[in-house]
Chemist: 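Below you will find the structure I want to go over with you.
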Protein chains: 2
Amino acid sequence: MSLEMVEDIKEWIYEASALIKERLSSPLIVEQKTSAADVVTNVDKEVEAFFVQKIQQSYPNEKILGEEGISEPVEDFSGRVWVIDPIDGTLNFVKQQDHFCIMLAVYENGVGRLGFIYEVMRDELLWGGDSIGVYINERKITTVKKQSLADGIINVNTNMFVANSFGTKDIAEKALAVRMTGCAGIAFKEVILGKENGYLSCLQPWDYAPGKILAESLGLIVESLDGKALDLKAQSPVLVAGVETYEDIKNLVHH
Amino acid sequence: MSLEMVEDIKEWIYEASALIKERLSSPLIVEQKTSAADVVTNVDKEVEAFFVQKIQQSYPNEKILGEEGISEPVEDFSGRVWVIDPIDGTLNFVKQQDHFCIMLAVYENGVGRLGFIYEVMRDELLWGGDSIGVYINERKITTVKKQSLADGIINVNTNMFVANSFGTKDIAEKALAVRMTGCAGIAFKEVILGKENGYLSCLQPWDYAPGKILAESLGLIVESLDGKALDLKAQSPVLVAGVETYEDIKNLVHH
């Protein structure tokens, strides 16, 4: 991990963003995955392939875990692992041409080193890591506003809210207001920028990998609501919050 | 109503936006209205006073209905009535410094003539009316993408969703996905731009006045879910949708 790597990744992200914007002028090819709301497009695949190619050119023989599974499956997290979500919030991308992110994380021996969340249509890049700090575009973020659950806005996954999974609805109703955005990257960004005070959602590793690195670098808590350790091989019910909100939430989580 | 009036209003909105952004660098004075989530700030009041002054200077002796009630109460809607929401989404403004709108509408003898929804932090102005068409910044919108309830994203008010008021939850669960944004202006904008296919929320006249004018100018439907006519003197449970989604929703509304 070096500053050169950070610059490489930023350059790829801006290039991928230009590609995505160009593709928005043509009809998308949309395929269903597990349900009508869980979709993938030709652009998700093209952007993941773009990142895989860039990584393989500059950092050959390293492992790559991508949402669309274009590269070899990752069997273990020894060495360096790149985690890619080419378009996070694909349903928003398809229906809104807005409110989606490009996400990338770099892990070394299972430890998160660098995270990147780029909200494409707002040109906002949240990036950094434990050793370099966290930045929104060029501005360094040093602290996150502290607020209790009752004093802030909470972002939740709709299904978990409706089913009250792990007490999500009970928790959300203690907050000042509830938001649903359909994009993990945006929700992590809002919590990290102190605009929302918590996020609860069912996430795949590529949905939370960069956000976890960035959030933890600023002292926020990222945990699985099921009490298990977060594991880059499986989906988890993830909670992101500052310490104050986390303390309020902890007592309300149902197992 | 003239094109000169349209230009006046745009100029005021951009000036108000600059004022709001300037005020974001100082601490806000926040007061509760009906609950902890229903708030008003010194900036809401200052911006409403700014509009009232501008209107009185250029269009003296006309009626003004503002959220913060700075001008004389409006007893009836004869003649010209200006409807102002200086900051729509005040909780977002306070907690996020983002995701809020300036809204203004012009009515003549109870008929909506001009509507303006300005999403301040994205610099997006949705404006127009029946006689001039609808524009997003300088681009004219001629049609709204047609989609059924099951084929699009729906935006809902949290309380109505939780209580299933008028069947809001049943309706939302038939959509592809649910979003909660906490700002009527943004929700109207998303529906008018075809990015969401419906919006259900409990709204005051200043929350829906400009959106109704813009939506109806493009053939969308704006109605009260309680079966009554929308009335500029009272709060209503408002539905906004295209014809296809409206037909799907109509059968699911509970009274």
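Just so we're on the same page: letters track the sequence lines, and every chain starts at 1.
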Chemist: With 3.5 Å as the limit, can you list every donor-acceptor pair between chain B and chain A, backbone and side chains included?
Modeler:
from, atom 1, to, atom 2, distance (Å)
B:Asn92, OD1, A:Arg179, NE, 3.3
B:Asn92, OD1, A:Arg179, NH2, 2.8
B:Lys95, NZ, A:Gln147, OE1, 3.3
B:Lys95, NZ, A:Asp151, O, 2.6
B:Gln96, O, A:Lys195, NZ, 3.2
B:Gln96, NE2, A:Glu196, OE2, 3.2
B:Asp98, OD1, A:Arg122, NH2, 3.2
B:Asp98, OD2, A:Arg122, NH1, 3.1
B:Asp98, OD2, A:Arg122, NH2, 3.2
B:His99, NE2, A:Glu190, OE2, 2.9
B:Arg122, NH1, A:Asp98, OD2, 3.1
B:Arg122, NH2, A:Asp98, OD1, 3.2
B:Arg122, NH2, A:Asp98, OD2, 3.2
B:Gln147, OE1, A:Lys95, NZ, 3.2
B:Asp151, O, A:Lys95, NZ, 2.5
B:Arg179, NE, A:Asn92, OD1, 3.4
B:Arg179, NE, A:Thr181, O, 3.3
B:Arg179, NH2, A:Asn92, OD1, 2.8
B:Met180, N, A:Met180, O, 3.2
B:Met180, O, A:Met180, N, 3.2
B:Thr181, O, A:Arg179, NE, 3.3
B:Glu190, OE2, A:His99, NE2, 2.9
B:Lys195, NZ, A:Gln96, O, 3.2
B:Glu196, OE2, A:Gln96, NE2, 3.3

Chemist: Sort B:Ile153 into side chain, backbone, both or neither according to what part of it lies under 4.5 angstrom from a heavy atom of chain A.
Modeler: side chain
Chemist: Return the minimal non-hydrogen interatomic distance between A:Leu176 and B:Ala37, and the atom names on each side.
Modeler: O-CB, 3.4 Å
Chemist: Given side chain to side chain contact (heavy atoms under 4.5 Å, CB included), test B:Val162 with A:Phe161 step by step and report yes or no.
Modeler: CA-CA 10 Å; B:Val162 168; A:Phe161 182 80; 3.6 Å; yes
